[in-house]
Amino acid sequence: MTAEPEDFWQSAIARHDRQVFLSLLSLGLTPDRARDVAQATWTKLLEKHQDGHLDDIELPGLAIVQARFIALNEMRRDQTEKRVLQVVEAPTQSQDVEREVIKRAELESAIAALSKCSPRAKRIFRMVYG
């Protein structure tokens, strides 16, 4: 690479950004999300290059692989967060059992109270709630 790093990366981005963007769309990302990930990809590659971690730069392949890596990591993280939220927000089986026990106790209490009422009160109750 004979050009200055900034010039090299500017021309690389201009030349290959569309392919990176399209590869992200093919993963199912929205255009806005694909644009964000593509920008993050170029930033990450530039940082790696500046830190001396890129010995061989073959574009657009390197950028597409990096972009897919970022996108798939984000997708996995989002799926994990959704699963955690479902577990936290969804009632557990023990909570369901507890609710059923409480409902049954309330119903038994209401039946016991109704059994102590006069026949006329029972008839009125049935007419109102029947």
Side-chain angles (χ1 to χ4, degrees):
M1 173 172 37
T2 57
E4 291 293 317
E6 294 87 19
D7 294 338
F8 169 79
W9 285 107
Q10 285 178 357
S11 69
I13 292 168
R15 213 171 31 251
H16 303 294
D17 186 58
R18 180 150 179 81
Q19 288 174 285
V20 174
F21 177 74
L22 292 175
S23 74
L24 293 167
L25 289 177
S26 73
L27 287 176
L29 272 65
T30 64
D32 288 340
R33 191 69 206 123
R35 176 55 44 219
D36 291 343
V37 172
Q39 289 174 351
T41 297
W42 292 114
T43 301
K44 186 74 168 174
L45 290 176
L46 179 59
E47 289 171 355
K48 284 183 177 184
H49 182 248
Q50 289 173 340
D51 293 343
H53 295 263
L54 294 179
D55 297 329
D56 191 26
I57 301 174
E58 293 184 27
L59 297 173
L62 178 64
I64 291 171
V65 168
Q66 180 68 50
R68 290 177 65 84
F69 178 80
I70 292 170
L72 291 173
N73 271 349
E74 287 183 6
M75 289 174 170
R76 278 188 214 104
R77 187 179 59 240
D78 290 347
Q79 289 173 347
T80 301
E81 288 174 4
K82 286 178 185 175
R83 282 193 301 260
V84 168
L85 283 175
Q86 286 175 344
V87 168
V88 170
E89 292 174 350
T92 63
Q93 187 174 3
S94 65
Q95 289 172 330
D96 289 342
V97 170
E98 185 178 339
R99 286 187 191 134
E100 284 300 315
V101 168
I102 290 170
K103 285 179 185 178
R104 188 168 292 161
E106 290 172 347
L107 182 59
E108 288 172 359
S109 177
I111 290 171
L114 189 58
S115 69
K116 295 176 185 174
C117 292
S118 69
R120 184 166 193 247
K122 288 180 187 177
R123 198 170 0 145
I124 292 172
F125 179 83
R126 286 189 189 110
M127 287 171 52
V128 172
Y129 294 103

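Please read these numbers as outputs of a predicted model, since none were measured by experiment. Any value given below was found using the heavy atoms of this structure, including those in side chains, with hydrogens, waters and symmetry copies removed.
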* To do: Start with the C-alpha gap between L62 and L54, add the side-chain angles, then the distance that decides, and say whether side chain to side chain contact (heavy atoms under 4.5 Å, CB included) holds.
  => CA-CA 10 Å; L62 178 64; L54 294 179; 4.1 Å; yes
* Asked: Under 4.5 Å between any side-chain heavy atoms of R68 and V65, yes or no?
  -> no
Closest heavy-atom pair and its distance - [X], [Y]:
X    : Y    : answer
C117 : A121 : CB-CB, 3.9 Å
A34  : F21  : CB-CE1, 3.7 Å
A67  : V20  : CB-CG1, 3.6 Å
L24  : A38  : CD1-N, 3.6 Å

* **L25 reachable from M75 in the ILVMFWY side-chain graph, under 4.5 Å edges** => no
* Within one Ile-Leu-Val-Met-Phe-Trp-Tyr cluster: F69 and L45, side-chain cutoff 4.5 Å -> no
* **Sequence-distant partners of K44, side chain to side chain contact (heavy atoms under 4.5 Å, CB included), two or more places apart** => E47, K48, Q66
* Asked: Checking T41 side chain against V37 main chain: does a donor-acceptor pair fall under 3.5 Å?
  -> yes
* Going from CG on L72 to CG on L29, what distance comes out if it is rounded to the nearest 0.5 angstrom? -> 9.0 Å
* To the nearest 0.5 Å, tell me how far D78 CG sits from E74 CD. => 7.0 Å
* Asked: Going by side-chain heavy atoms closer than 4.5 Å, which hydrophobic residues are tied to L107, directly or by a chain of links?
  -> I111
Using atom types as modelled, flag every donor-acceptor pair under 3.5 Å from a side chain in residues 11-18 to any protein atom, sequence neighbours excluded.
{"from": "S11", "atom 1": "OG", "to": "D7", "atom 2": "O", "distance (Å)": "3.3"}
{"from": "S11", "atom 1": "OG", "to": "F8", "atom 2": "O", "distance (Å)": "3.0"}
{"from": "H16", "atom 1": "ND1", "to": "Q19", "atom 2": "OE1", "distance (Å)": "3.4"}
{"from": "D17", "atom 1": "OD1", "to": "R35", "atom 2": "NH1", "distance (Å)": "3.4"}
{"from": "D17", "atom 1": "OD1", "to": "W42", "atom 2": "NE1", "distance (Å)": "2.8"}
{"from": "D17", "atom 1": "OD2", "to": "R35", "atom 2": "NH1", "distance (Å)": "2.8"}
{"from": "D17", "atom 1": "OD2", "to": "R35", "atom 2": "NH2", "distance (Å)": "3.3"}

* To do: For atom CD of E58, decide whether the heavy atoms of other residues, nucleotides or ligands shown that lie under 6.0 angstrom number more than 12.
  => no
